[in-house]
Amino acid sequence: MSLWQELEHQYFMQTFERVPLTIVRGQGARVWDEDGREYLDFLGGWAVDSLGHCHPVVTQAVTEQAHILIQASNQFYTIPQIRLAELLVQNSCLDKVFFCNSGAEANEGAVKLARRYGQRYLGGAYEVITTSGSFHGRTLAMVAATGQAKFQQPYLPLPTGFVNVEYNNVGAIKSATTEQTCAVMLEPVQGEGGVNLPDDSYLTAIRAWCEQKGILLILDEIQTGIGRTGTLFAYEQYGIEPDIMTLAKGLASGVPIGAILAKERVAVFAPGDHGSTFGGNPLACAAGYATVKFIIDNDIAGKAKTVGQYLINGLEEMKQKFQLITDVRGRGLLVAMEFGSDIAQSLVMACLARGLLVNRLKPNALRLMPPLIIGTEEVDEALGILDSALSSVIS
Ligand SMILES: *Cc1c(COP(=O)(O)O)cnc(C)c1O
């Protein structure tokens with residue numbers, strides 16, 4: 001263990017199962033440790049570094065903004081947040097934006113907005129239906145929304161008003177809908193819960209059900225949004241539109257930010273209903289604007305789709321070679337590979353030793369979520385390392 005890692009153990013609450021690597025610098029899809037060793041980054045800050053590390057447009061936007069104005073509060077108008085809001089509205093199906101600082105906070109706000117809508121239009125309905133295997137964040141309410149017992153058990157009792165039902169089961173959502181229901185909240189593709197892709201008809205059926213019942217569809221696109229799955233937003237691929245959408249992770253390519261977007265008729269917050277000290281901060285919004293503008297102008301989502309398919313094809317080939325690989329799945333550059341036994345941790349370490357960073361999704365699965373700007377050479381390099389790491393782990 002290095003000195004920095006010893007100090008971390010001394011001073012830090014031990015909530016993270018960290019891999020023994022101290023990253024001190026990043027550029028594009030590469031990072032370097034304190035000894036100057038280079039790594040290919042297929043983890044991308046947990047699907048956050050959409051344009052890779054220190055992309056010139058992001059670094060320039062942050063640097064320039066840091067000389068102009070860093071924080072002014074939402075008591076006043078500031079320009080970067082207005083520019084980013086306009087860009088998001090012009091390029092999505094939604095009409096109104098609220099900025100905050102993280103994914104969990106965006107989802108909290110989305111649920112507050114849905115409850116406000118419920119008070120106004122649905123006779124006080126307040127319940128939100130979510131699904132098993134979902135992940136919506138770490139605040140108490142979002143732990144209640146998250147359909148995974150391991151995140152809930154340590155913190156009982158949880159806030160009420162959430163009903164977790166089986167994922168990818170339209171009937172389960174229908175039978176959980178009552179007079180108290182104000183919204184259904186889903187990730188278009190479940191990220192943290194396993195890179196779980198729904199059946200083709202699932203989201204359209206849920207959209208139709210929400211329409212029929214007059215309840216809201218909240219899409220948590222915190223992980224799937226901003227080009228990650230091959231379109232700017234994942235909902236575009238399913239031919240549906242959400243009433244509320246949340247964003248965070250890749251929105252500012254590494255600078256902390258979150259956003260709630262809503263249709264005009266759903267944006268029912270009145271002055272004083274919701275707020276944030278840092279939300280819409282000029283520095284974060286300048287980074288967000290630079291990121292989203294670059295992604296749109298250069299069709300980074302389309303490139304992520306092509307390169308993602310190339311990666312999935314390569315992994316499928318590897319699956320022919322290694323019987324231990326039981327599944328390869330994903331959309332764009334959100335990809336998982338699953339194994340017949342619990343080798344994910346050993347694989348993470350074997351990849352690390354060979355200069356590749358990957359995420360342990362489950363004891364028997366890895367997640368790959370590299371920066372969206374990678375090319376096929378980087379994918380070939382990663383595939384080569386994965387192949388060698390797998391060989392070493394199973395021998
Ligand atoms: C990461 C994530 C969150 C939580 O985001 P934080 O910024 O960690 O609070 C919520 N929903 C989804 C789908 C996520 O992937």
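Remember, it's 1-based here, ligands and their atoms both numbered in the order they're listed. Computed from a predicted model, the values in this text were never measured in an experiment.
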- Query: Below 4.5 Å, heavy atoms only, C-beta onward: do Lys305 and Arg331 meet side chain to side chain?
  - Reply: no
Residue pairs passing the ring-ring contact (aromatic ring centres under 6.0 Å, His included) test with at least one member in residues 40-98, sequence neighbours excluded, are His55-Phe294, Phe98-His274
Closest heavy-atom pair, Thr130 versus Ala145, reported as atoms and distance to 0.1 Å, is OG1-O, 2.6 Å
Hits for side chain to side chain donor-acceptor pair (under 3.5 Å) against Lys263, two or more places apart or cross-chain, chain-then-number order -> Glu241
Enumerate the pairs of nitrogen or oxygen atoms, one from ligand 1 and one from the protein, separated by less than 3.5 angstrom; state names and distance to 0.1 Å.
{"from": "ligand 1", "atom 1": "7 (O)", "to": "Gly103", "atom 2": "N", "distance (Å)": "2.8"}
{"from": "ligand 1", "atom 1": "9 (O)", "to": "Gly103", "atom 2": "N", "distance (Å)": "3.4"}
{"from": "ligand 1", "atom 1": "9 (O)", "to": "Ala104", "atom 2": "N", "distance (Å)": "2.7"}
{"from": "ligand 1", "atom 1": "11 (N)", "to": "Phe135", "atom 2": "O", "distance (Å)": "3.1"}
{"from": "ligand 1", "atom 1": "11 (N)", "to": "Asp220", "atom 2": "OD1", "distance (Å)": "3.4"}
{"from": "ligand 1", "atom 1": "11 (N)", "to": "Asp220", "atom 2": "OD2", "distance (Å)": "2.8"}
{"from": "ligand 1", "atom 1": "15 (O)", "to": "Gln223", "atom 2": "NE2", "distance (Å)": "2.8"}
{"from": "ligand 1", "atom 1": "15 (O)", "to": "Lys249", "atom 2": "NZ", "distance (Å)": "2.6"}

query: Phe151 and Phe135: aromatic ring centres closer than 6.0 Å?
result: yes
Sorted by chain and residue number, the side chain to side chain donor-acceptor pair (under 3.5 Å) partners of Glu34 (sequence neighbours excluded) come out as Ser2, Thr22
